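Both backbone and side-chain heavy atoms feed into the values below; hydrogens, waters and symmetry mates do not. Predicted, not measured: the structure shown is a model, and the values here were computed from it.
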Amino acid sequence: MNVARPGMVTSPHPLASEAGAAVLARGGTAIEAAVAIAASLSVVMPHFCGIGGDAIWLVADRQGRQRCFLGIGQAAGHLPAYEAAIPLRGPASTVTSACAVDSWGRALAYSAGQWGGTQPFADLLAPAIAQARDGYVPSRSQHFWFDFRRGEIPHWGRFADHFSAVPGELFKQPGLARSLSLLAEDGCRSFYDGRLGRQLAEGLAAAGSPLGAADLAATRTREEAPVSLDYRGLTLLAPPAPTQGLSTLAIMGILSHFDLAALPPSSPLRYHLLVEAVKQAFLDRPLIADPDCSEPLPRDFLDPQRLAGRASAIETTRALAWPHPYRHGDTVFFAATDEQGRCASVLQSTYFDWGSGVLIGDTGILWQNRGAAFSTVSGDRNAIKPGKRPFYTLNPGIALNKGEPHLLYGTQGADGQPQTLSVLLTGLIDYGMTPEEALAQPRFLLGKTFSDSRDSLKIEASLGEAAIEELAALGHEVAPLPALSPIFGQAGAISLTDADTIHGAHDPRGEGKAIRSQARSFIK
């Protein structure tokens, strides 16, 4: 008789974390727990994700298996002629299909085939259906982002009628409850070519979207090997192109050339090096696009010599000028590890907060505006084409120690994701911080954001006035923001140590929660 290590989940909403923890408690796999979390978050965090969006998964286990599920919707097969940029909101922004639900099915098939998962899909969706049908008390985050967009919402059709919520009162989504119930009865593919899919095709047409039934039916999750990079003796895994997981790895490869542990965690030089590594990696980021429809990436994109050259270009006494635009976006990160050490690290998104702002028919489903990430400039690697996947900001991560999962991590924040991960990972790895400590560190955001149109370095005031002044002296155009501001997004992390102990947390900038499941005895 052996005792397994306790499992753990982390997510940005307590109700979602509880749904995932309940799956682990009854012997479910990490993937099954993550699907329960994903479904719940689609209800209780409608401002950041939903079944009208996409999802990207990384999974790994102690047997050395590692896979990535790219649940990325593709551009419509019939597109309008673009004379300007794709609109950020409204029906014209609903130009890519939604692959989140298909990714749930693909991940569950892997769980059943490789990990022996047996939990019924309907049981995994049951908490989300109840939350949509019976209601939940909206989070501070949901109210914050509704109020933040209050001036735009009158232009979003029926949106205000559907999502207006009274603080402290139950918020119900009966249309979404019906849609989730159809999925529970018919399975994931119902979203694409079943009863729900037919409703969605009619609703998309009525809204004026170029997406049709054929586009939904063609939507499929890609299963691929993760890309990887060694950092301080650990192997960092990230999703491949068209995601910016490559950029996150490049940042860490550049930082590997500096002895960060010799610097105090709040040292202005540490933050200067992090920011400058981000800049160097982002110089290559425009090369990343859908490999099916664009020129292949340079073979040496993550070559150690190439990254060493980027590191040598960093000046420790002067900041590189940074006039490059910032991509906005919001999402949710969640993760689960079960008693067998099998892990899932996931990001799910509708791109901007509240996605396109378009509700599809009476399904209660808010569609994403991820297609707005495409360029309409002919010849651009990320130029929109029928069936093409856009450049993708989502990049959940897993770090392996001697081939076994050691860290699960990820964050919301579009361009801010690799930046936040540079702070989080160096805190966890270089400084040996706990997840709670690493998540509480001061953060930065480089470039224009929806909160500040200047090409400045937004940085949390908790770094300290003296350190921020030193960064300014190095040439950074600093713009201090309040400590633990929601503008810096919500991240999460789980740490699995060699001693078979586990620690996890979600971001203090939100209301998320990590929950440990009880270890169970089993026959080995």
Side-chain angles (χ1 to χ4, degrees), residues 12-13 16 38-55 71 73 87-104 128-129 131-133 135-136 138-139 141-150 152-165 171-183 191-192 196-197 199-209 211 215-216 219 328-332 347-373 394 412:
H13 199 289
S40 177
L41 289 172
S42 295
V43 176
V44 300
M45 297 200 80
H47 51 304
F48 285 162
C49 74
I51 60 176
D54 290 340
L88 299 179
R89 307 280 191 180
S93 71
T94 62
V95 297
T96 60
S97 60
C99 200
V101 172
D102 186 73
S103 79
W104 299 355
I129 293 170
Q131 290 155 5
R133 181 191 63 232
Y136 64 93
S139 64
S141 177
Q142 183 173 335
H143 286 300
F144 175 89
W145 289 103
F146 188 92
D147 290 340
F148 192 88
R149 299 298 181 187
R150 191 172 292 278
E152 303 171 49
I153 285 173
H155 304 290
W156 297 356
R158 299 177 295 119
F159 179 93
D161 293 338
H162 187 87
F163 284 107
S164 294
F171 175 64
K172 300 179 181 181
Q173 301 179 72
L176 183 57
R178 290 191 296 271
S179 293
L180 289 169
S181 295
L182 278 179
L183 292 178
F191 190 96
Y192 304 95
L196 181 55
Q199 292 180 30
L200 290 171
E202 292 172 2
L204 286 163
S209 170
L211 292 167
D215 298 305
L216 295 177
T219 304
H328 169 54
D330 282 302
T331 179
V332 291
L347 280 161
Q348 188 165 271
S349 176
T350 46
Y351 197 32
F352 280 30
D353 55 279
W354 304 112
S356 65
V358 178
L359 282 159
I360 307 304
D362 61 358
T363 64
I365 296 172
L366 189 64
W367 210 260
Q368 66 179 352
N369 63 334
R370 180 64 64 171
L394 275 62
Q412 68 176 170

I need the minimum non-hydrogen distance between Ala16 and Ser40, along with the two atoms involved. CA-OG, 3.3 Å
Taking side chain as C-beta onward, heavy atoms only, is Tyr351 less than 4.5 Å from Cys49? no
How about Ser349 and Arg370: does a side-chain donor come under 3.5 Å of a side-chain acceptor? yes
Holding to ring-ring contact (aromatic ring centres under 6.0 Å, His included), I want the full list of residues that pass it with Phe163, two or more places apart in sequence or in another chain. Phe159, Trp354
Residues in side chain to side chain contact (heavy atoms under 4.5 Å, CB included) with His155, at least two apart? none
Evaluate the criterion side-chain contact (heavy atoms from CB on, under 4.5 Å) for residue pair Phe191 and Asp102; output intermediate values, then yes/no. CA-CA 8 Å; Phe191 190 96; Asp102 186 73; over 6 Å; no
In this structure, which one of Lys172, Gln142, His13, Gln131 forms a side chain to side chain donor-acceptor pair (under 3.5 Å) with Tyr136? Gln142
Where is the tightest heavy-atom contact between Ser42 and Gln348, given as atom of each residue plus distance? OG-NE2, 3.3 Å
Whether Thr219 side chain and Ser97 backbone form a donor-acceptor pair below 3.5 Å: no
Ala206 meets the side chain to side chain contact (heavy atoms under 4.5 Å, CB included) criterion, sequence neighbours left out, with none
When you compare the side chain of Leu216 with that of Leu211, does any pair of heavy atoms fall below 4.5 Å? no
Between CG of Asp215 and OH of Tyr192, what distance do you get to the nearest 0.5 Å? 12.5 Å
Residues Arg150, Asp147: salt bridge by 4.0 Å N-O rule: yes
Test side chain to side chain donor-acceptor pair (under 3.5 Å), reference Asp353, set His47, Gln412, Arg149, output is Arg149
Evaluate side-chain contact (heavy atoms from CB on, under 4.5 Å) for His162 paired with Gln173, printing each intermediate quantity in order. CA-CA 8 Å; His162 187 87; Gln173 301 179 72; 3.9 Å; yes
Working to the nearest 0.5 Å, report the span between OG of Ser181 and CD1 of Ile129. 4.0 Å
Quick check for you: to the nearest 0.5 Å, what is the distance between Cys99 atom SG and Ile51 atom CD1? 13.0 Å
If I compare all heavy atoms of Pro12 with all of Met45, which pair ends up nearest, and what's the gap? CG-SD, 3.5 Å
Short question: side chain of Ser164, backbone of Asp161 - any donor-acceptor pair under 3.5 Å? no
Picking from Asp362, Ile360, Leu204, Ile365, what satisfies side chain to side chain contact (heavy atoms under 4.5 Å, CB included) with Gln199? Asp362
Which heavy-atom pair separates His143 from Pro138 by the least distance, and what is that distance? NE2-CB, 3.7 Å
Side-chain (Ser356) to main-chain (Trp367) donor-acceptor, under 3.5 angstrom: yes
Closest approach of Pro87 to Ala372 (non-hydrogen atoms, all atoms of both residues): O-CB, 3.7 Å
State whether the side chain of Asn369 and the backbone N or O of Gly357 hold a donor-acceptor pair below 3.5 Å, judged by distance alone. no
From Phe146 atom CZ to Ser141 atom OG, the distance as rounded to the nearest 0.5 Å: 13.5 Å
Nearest heavy atoms of Gly371 and Val95, plus distance in Å: CA-CG2, 3.5 Å
Indicate yes or no for a side-chain donor-acceptor contact from Thr96 to the backbone of Gly73 under 3.5 Å, with no hydrogens or angles considered. no
Do the side chains of Thr363 and Leu176 get nearer than 4.5 Å, heavy atoms only? no
Among Val44, Leu347, Thr350, Leu41, which residue meets the side chain to side chain contact (heavy atoms under 4.5 Å, CB included) test with Val332? Leu41
For a side-chain contact (heavy atoms from CB on, under 4.5 Å) check, start with the C-alpha distance between Leu366 and Val358, then their side-chain angles and the critical distance, and finish with the verdict. CA-CA 6 Å; Leu366 189 64; Val358 178; 5.6 Å; no
Classify the side-chain pair Gln368/Asp54 by whether it contains a donor and acceptor separated by less than 3.5 Å. yes
